[in-house]
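This report concerns only the one structure given below.
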Amino acid sequence: MRRRTFFGFVKSKLRYTTVDETLPEPVAVAPSERVTLFFDQPYIPGEKLSLHPGDPVKKGERLSLTKDAGGYALAPKSGRIENISGFLGIGGRRFTTVTLAIDDEAHQTLDEGFKSVYQSPSLKNAREFLAGLPGKPNLEVFFNPQRPVKSIVVLGVDSDLVGVTNQYFVNNAIVAIKTGIDTLRQISGIHEVILVVPHYLFKVAGAAGATIKTVDSAYPSAHPELIMRYILSEQSTPDVEPPSDDGVAVFTAEAVVAIGSAYKTGFLPLEKIVCFVSKDETRRLISVPIGTPVKDIAEAFHEPIGEGDRVIFGGPMTGVSVYSDNHPVLADTNTIMIQDRRRIPEVRDNPCTNCGACVRVCPVNVPVNMLIRFLQAGRYEEAVSQCDLNCCIECGFCSYVCEARIPIFQYIHLAKLTLAGMNPVEKNNG
Amino acid sequence: MRELAKMVIVLTVLSSLSGGLLAMLREKTQDRIEQQVLEFVKGPAIRKILAGAANDPIADRFTLADGEAKRSFFVGKYDGKPDVVAFETFAGGYGGDVGLIVAVAVDTDQIVGVGVTTHNETPGVGAAVETDVGFIRQFTGLDIASGPKVTKDGGSINAISGATITSRAVCAAVGKAGDLYKRLKPEILKQLKTFSG
Amino acid sequence: MGDYLVLIISCILINNILLAQYLGNCPFLGTSKRMETAVGMAMAVVFVLVMAGVLAWVIDHYVLKAFHLEYLMTISFILVIAALVQFVEMFLKKSIPALYSGLGIFLPLITTNCAVLGVCLINVKEEYDFMHALVASFAYAVGYGLALILFASVRERIILGRVPRPLQDTSIGLVTAGLISLAFYAFKGMV
Amino acid sequence: MAKTVTQEFVKGLWAEIPPFRLVLGLCPTLAVTKTVEDGIGMGVATGFVLVCSNLLISMLRNVIPSKVRIACYIIVVATFVTVVELLMQAFTYPLYLSLGIFIPLIVVNCIVLGRAEAFASKNKILPSIADGLGIGIGYTLSLAALGAVREVFGSGTFLGNPVFGPSFQPFTFMVQAPGAFVCLGLMLCLMNLAGKK
Amino acid sequence: MDSTIKLTVSHAPFWHNGSGISQKSYNILLACLLAVIPGIYRYGYPALGAVTLSIGSAVLWEFLMNLATRRPVSIGDGNAAVIGMLLAMMLPAVVPWWVVVIGSFIAVVIGKQIYGGIGGNPFNPVAVAMAILMLSWKNFLDFNTALVGYGFAFNPVDPLVLAKSFGPAAVKDFKLGDLLMGRQVGGIGSSFGLGLIIGGIYLMIRGFIRWEIVLSFLVGIFASALCFYLYNPNVYASPGFHLLTGYSLIGAFLLATEDSSSPVHFLPMIIYGCLGGMLTVLIRNIGSHVDGVVFAVLIINILNPLLDKIRPKALGKVAHHA
C-alpha cells in the first residue's frame, strides 16, 4: 500500500481500503482515566466560563463553555472537570480543551437531559443534544434560512485512505442506517436522501431505503467535494455552472446511525468507531469513547509511541499529525495512525522538476507544476488567477506522488490561509 | 501663440543648421569617400585577382556608360600590355546582392579570376564564398560567355556545401558579366589602348 | 509569390531582427517580463514598423534618391519615425481609444526601438522595391513580435525559478535570449 | 549637492558604466563586439556623438521649448551621427564597413538620448561634457572588454594578432549571435558580483 | 494536553509513493547503458574514456556550481550524471577530451545551474551543449572525420550525410535491420537503436519518461518523412531510415522527454512531440544541418511554456463575472 510503483501508462491510482481488510468487528477499548473534549472557541485565560475545574459532570451531559455559546460537547463519561486550557490547532485555529477525570465504570451517572425529549424527535432537540455525537452531525445546516435544505446526502464511504468507519456501518449496520435515515426524514421533513457507498457495498446498501450512488474505489473519488460535485452535476441543469452545494445537508453514515440510535433508545451513543493503525501497519477497528487520549489507545494495544514518531489523526493523505500523545479522539476522528520515525518519508523544499506526476493525478485538473512554482515564489495572487489555486480540494495526492518530495499540500494550505487572512471579505464572496 | 512660434523657430533653425552643416561636410568628404569605397570594397578583390599586374589597377581605371548606369573598369597590365580588364557585377544571393569582380583577358575572352566584393550571406554558410578558394578557382579559365551553372542546375560548378543559393548567385553574376562584356567589348578595347605604353 | 514566401520566412525565422541582427534589444528585455506587456509591445511594433517601413521607402525613393540627399537618410528617417509615432499616438487616442489603452504606453518606447529604424535602413540597403519593402517590414515586425512573445513565455517561468542572485533579471534574460537565438539556427538554410 | 566635474566624469567609468550598470545601448554592444577593434570604434563613435550632443543640448537647454525637446534632441543627435558617418566613410572605411548599419543606429541608442534627457538638459556645459566623456569612455571600455573576450575565445586573436598557438581551436560560438547574448549576460553577472560589496 | 514525549509533526500527506529524483536518474542511467555498452564494445577504450570523462566532469561542474552558489550539494540526485551520460552518448568516440569537458560545462552550468539547478532550465541542457559544440567545433563532431581511424565492417560514412549530399540512392545499402542493430557510424550511445528502444520502453513503462512525448516525436518524424518520401522518393529518404539514423531515437526517448523543458499536459505533450519530429525531418531534408534533432529539441523547448498553457479546465473553477 505504501510504496507502489505505478505503471506509467495509466493514471496513478490508490485503492481504498475495504472493510474486509480489517477486523470485522470493532474491538472495544477500556475507558481511560481521563478524557479531553474540544471546543471550537479560543481559550482566553481569565474569561468567565460556565465550566469550572472541579465541577462534576454526568455521562452524556451537554457541556458548553459559556451560556450563549452555540458549540457544545457531550461528556462521554461521568466524572469531574480537571483542567481547562487552550489549544492551537493547524493553521492557527484556536480551541479550548476541557479535561475530565473519569469516575470508574461502576460509578457512572447518566445525564437525563436527552431522555426527557427523545420521544418527540425534532430538529430543535437534535440540534440541542446531538451535534456532539460520533461522526459530528452538522445539524446547523437546517437552521440557515438563506440556504433551505432540499436533500440529504449520507456518506457511506470514507474520504481518506485506511479509514473504514462509514463503510463498516454500511456493511454491518445497514438496518441502523435505515433507522437513522428514517429519523432524519421525520425530523427534517425532507424526503430526498442519497446514500453514497463504494461499488462493492451497492447490494448491501439497497436496504437503506434511500437513493444509492456509488463511487469509484480509487483515491480520491470519495473526497466529499468530489462526491458533491458528482451528485450535484447530475442534478443541476447544464447551464448552471458550476453546481452549487446549496440545499444539501451532508452526514456521515456513522452520524446517521448515532442519530437513529439516540432517538430509538433515548441514550446518546458516545463510542466512536476508529481505524487504528499501528507502526507495523496492522489495522484494527476499535470502539472508543470520544475524548480518549491516543496514548491510552496505543497502550491498550501494547504499541508504545516513541520519541520522534508521528501520530496522525485522520487518514494518511489529509490527516493532521498531532504534537501531543495526549491528543484525544474527536467526534470526527475516523483514523488514528502511529508512524514509526524511521518510516516517515523524506520531504524537502526542492525546486519542482516538472515531472508532471502531480498534474496527472490531480482530480480537479489544477496545473500543479506551475502552481507550486508560484507558491514557492510566494506569489499567491497569481497562483489564484493563473493556476486555479482555489479549485484545489486538498486531497494531498500531488504531494504523495511528488518525485522532488515538495510538500505541495502544505504550500497550498499555507497560501490559502494567507490569502484568507489577507482578504477575508473576498473569501466570503468567492 | 508665442510658445508655438518659438517652437517652430527653434525647430526650423536647428534643422537648417544641421542641414547646412551636413551638406558642407558632405561636399568636403565626397571625393575621399568615393576613393575609399573603391579602395576597400573592390580593391582587395581586384588586387587579389590581378596580383601579378605591373600597375595599380585601382588607379588605372576608366568608366563606361552602359545604358543609364555607369560602370568602372579596372585595368591590369601584364608584360606591359593592358590586356586584362576587371569589372563588377551583381546577382541576388541569399541575403541580398552578391557583388562579384570578374577579370577577363581581352585577347582570349577567358576569365582570369573572380572575387567577391560585397555580400550579406549567412556567416558560416554562404559567407564561405569569400574564403572558399576551391569554389572561386573553378571559374578561372572559363570562357566569359559560357554562362556557368552549379551542378544541381546541370552545370559544371560544384556548389559550396550548404550554400547553393549563394553559389548560384555567383554563377549568375558571372553570367551577367559575360553579357556586359559582350555589349561593351568594342568600347573596352578602345579605352584600353589609352593605357598602353 | 514564392519569392515573397522566401522573404517572409527569411525575415521571420532566419534573419530574425532581434535574435540574428541584434536590433531592438532594450525594449525586448524591458517588456518581456510579463506576457501582457510583451503582447502589447509586439502589436505596437507590428503596427508602427509596417507604417514606418513604407514611409521610409517612399521618402528614400522620392526625396532622398531623387535629390541625391542619401547622406541625410539617418536624420530624415528618425524624424519620420518620431513624427509617425506621435501621430499614431494622437490618432489612436482620439479615434480608437480601445487600441490606444492597449498600445499607448508602448508607443513612446518605439521611437528609440532600433528595430524600427534598423528595418528602414535595411530595406534601403537591400534595395527592395515597394512591395518587397512592405512585406519585409511586416515580416521583420512579426519576427520581432514572435521572438518577444516566445521570450516572454520562457522568461515568465525563469522568474519563478531559483536563479542565483547575480544572474537574476537582465543577466539571465540575455543568456536565455542567446539560447533562443541558438535554437533559431534550426531554420538555417531552409529557404 | 553639486558634484564636481571630475565626479561627473568618473561615474561613467564605474558607478554608471554602460551597458552594465545603465542597461542601455545593448544592440550595438551585442552586434559590434566580434572584435576589439570594432568595439573600440563603436565606442569612440558613440562617445563622440555623446559629447557633442551633450555639449550642444546643454548650450541650448534654455532655448529649447520643453514640448518639442525630444524632437530637438533627435535632430541634434542625428546630425552628429551623420557627421560621424561621413567622417568614418572618409577616413576609416573598413571600420565603417564592419560596423554597418549600427553607425546610423547610434541615433536610437538609448544612452545618447538618455543622457541628453537626463543630464545635459539640466546641467551646465562643463559637467555635461564631463558626463558625456565619462559615459563615452566607459562605454568604449565595456565594448572593448566584451570584444576582447569574444575575439580571444571566438577567433583566437586580439586586435587581429593570434594569441594562442596554431593548435588553438577557436570557440566559434562566441563570435556568433547567440554567443554575443550569452557572453554579455555572463559578463553582466560578473559585474553584479563585482559590484556587490 | 501536554505531551509526554516529542512527536514528529508535519503536514499531510504522510505517505509517499516512494518516487524520487535520484531513483529516476539512476533508472535513466541504467537504460542508457543498454545503448552505451554496445557503443563501448564497438569503439573501444576511447568511447569508455569519453563516457567516464563526460559523467565525471558533469558531476564535478555541478559540485563546483553548488559551492559557488552556496546551495546544498545536489550531485546525489544523479541529474548531473544523466546529463554527462547523455552528452557522451551523442559524441563521437574519439572526440578530444577538452571538447567533452567544455560540453559538460555548457550543459551543467549554462544549461542548468544558472537557471537555479534542476527543474529551472527552460532548455534541455544536453541539447544546448550539443548545439554550441556543433556550431563551434564542427570538425570534431563530424562522425565521418572523427571515426576515420576505425575499420568497420559496414559503410563508414554517416548515413545522414550520404542521404543529404547524394540522395536516398546512396544509402540503399543500409538495411533497416542493420541500422537498428547499430551498424552505422554515430555517437557512442546514439547509434545502437535497439538498445535505445528497449531502454526507452523500460523507462516509459516505469513512468520515468512520458510516453506521449516519445510516441508523438517518433510519429512526427515518421509522418513528415513519409510525406517527403511520397512527394519525391528519389530525393528524400524513407521514414524508416529517418527513424533509425542520427539522433532520432535518443532525441525522442531521452532529449525531448527531459522533464523541465517539456510540457506535462496531454495535448501539449502530443503537439510538442509531433512538432519536434516534424522539425527534425524538415531540418534534415531542407535545412542546412545534417541532423536536426538537437535544434528541433531546442525549438520545441522554447514553445513549451506557451504550449503548456493549453490545459483542461480546472473543475469547480468559478467564472468571474465582472
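The structure displayed is predicted, hence computed values, not measured ones. Order of the sequence lines fixes the chain letters, A, B, ..., with proteins taken first and strands second; residue numbering starts at 1 for each chain.
For the options C:A152, C:G161, C:S153, heavy-atom pairs under 4.5 Å to chain E are most numerous at C:S153. In terms of heavy-atom pairs under 4.5 Å with chain C, the best-connected choice from E:L279, E:V128, E:L135, E:L303 is E:L135. Ranked by heavy-atom pairs shorter than 4.5 Å toward chain C, the options E:N304, E:N121, E:I299 are led by E:I299.
E:I283 places none of its side-chain heavy atoms less than 4.5 Å from the side chain of C:F187. Between C:V175 and E:Y115, the closest side-chain pair of non-hydrogen atoms falls below 4.5 Å. Within the 4.5 Å cutoff, no side-chain heavy atoms of E:I114 are placed close to those of C:V163.
Residue C:T176 touches chain E through both its backbone and its side chain, counting heavy-atom pairs closer than 4.5 Å. No part of C:F151 comes within reach of chain E, as not one of its non-hydrogen atoms sits under 4.5 angstrom from that chain. For a residue to count as touching a neighbouring chain, one of its non-hydrogen atoms must lie under 4.5 Å from one of that chain's; by this rule C:I180 touches chain E with backbone and side chain alike. Neither the backbone nor the side chain of C:Q168 comes within contact range of chain E, judged by heavy atoms closer than 4.5 Å. Within the 4.5 angstrom heavy-atom criterion, atoms from both the backbone and the side chain of C:L182 approach chain E.
With rounding to the nearest 0.5 Å, the separation of CZ in C:R157 from OG in E:S260 is 7.5 Å. The NZ atom of E:K309 sits 4.5 Å away from the CD atom of C:E156 when rounded to the nearest 0.5 Å. The line from CG of C:L179 to CG of E:N301 is 10.0 Å long, rounded to the nearest 0.5 Å. One finds the CZ atom of C:R162 at 11.5 Å from the CD1 atom of E:I118 (value rounded to the nearest 0.5 Å).
The closest donor-acceptor contact from the side chain of E:T69 to the backbone of C:P164 lies at 3.5 Å or more, if one exists at all. Looking at E:H289, its side chain does come within 3.5 Å of a backbone N or O of C:Y185 through a donor-acceptor pair.
By the neighbour-count criterion of 12 heavy atoms within 6.0 Å, atom CZ of E:F63 is sparsely surrounded, having that number or fewer from other residues, nucleotides or ligands. For C:Y71, the OH atom counts as densely surrounded, since its 6.0 Å shell holds more than 12 non-hydrogen atoms of other residues, nucleotides or ligands. Within 6.0 Å of the OH atom in C:Y128, the count of heavy atoms belonging to other residues, nucleotides or ligands exceeds 12. In C:E70, the CD atom is crowded: over 12 heavy atoms of neighbouring residues, nucleotides or ligands sit closer than 6.0 Å.
For the residue pair E:F295 and C:A186, the shortest heavy atom distance occurs at CB-CB, 3.4 Å.
C:R34 is linked by a salt bridge (Lys or Arg N to Asp or Glu O under 4.0 Å) to C:E36, counting only residues two or more places apart in sequence or in another chain.
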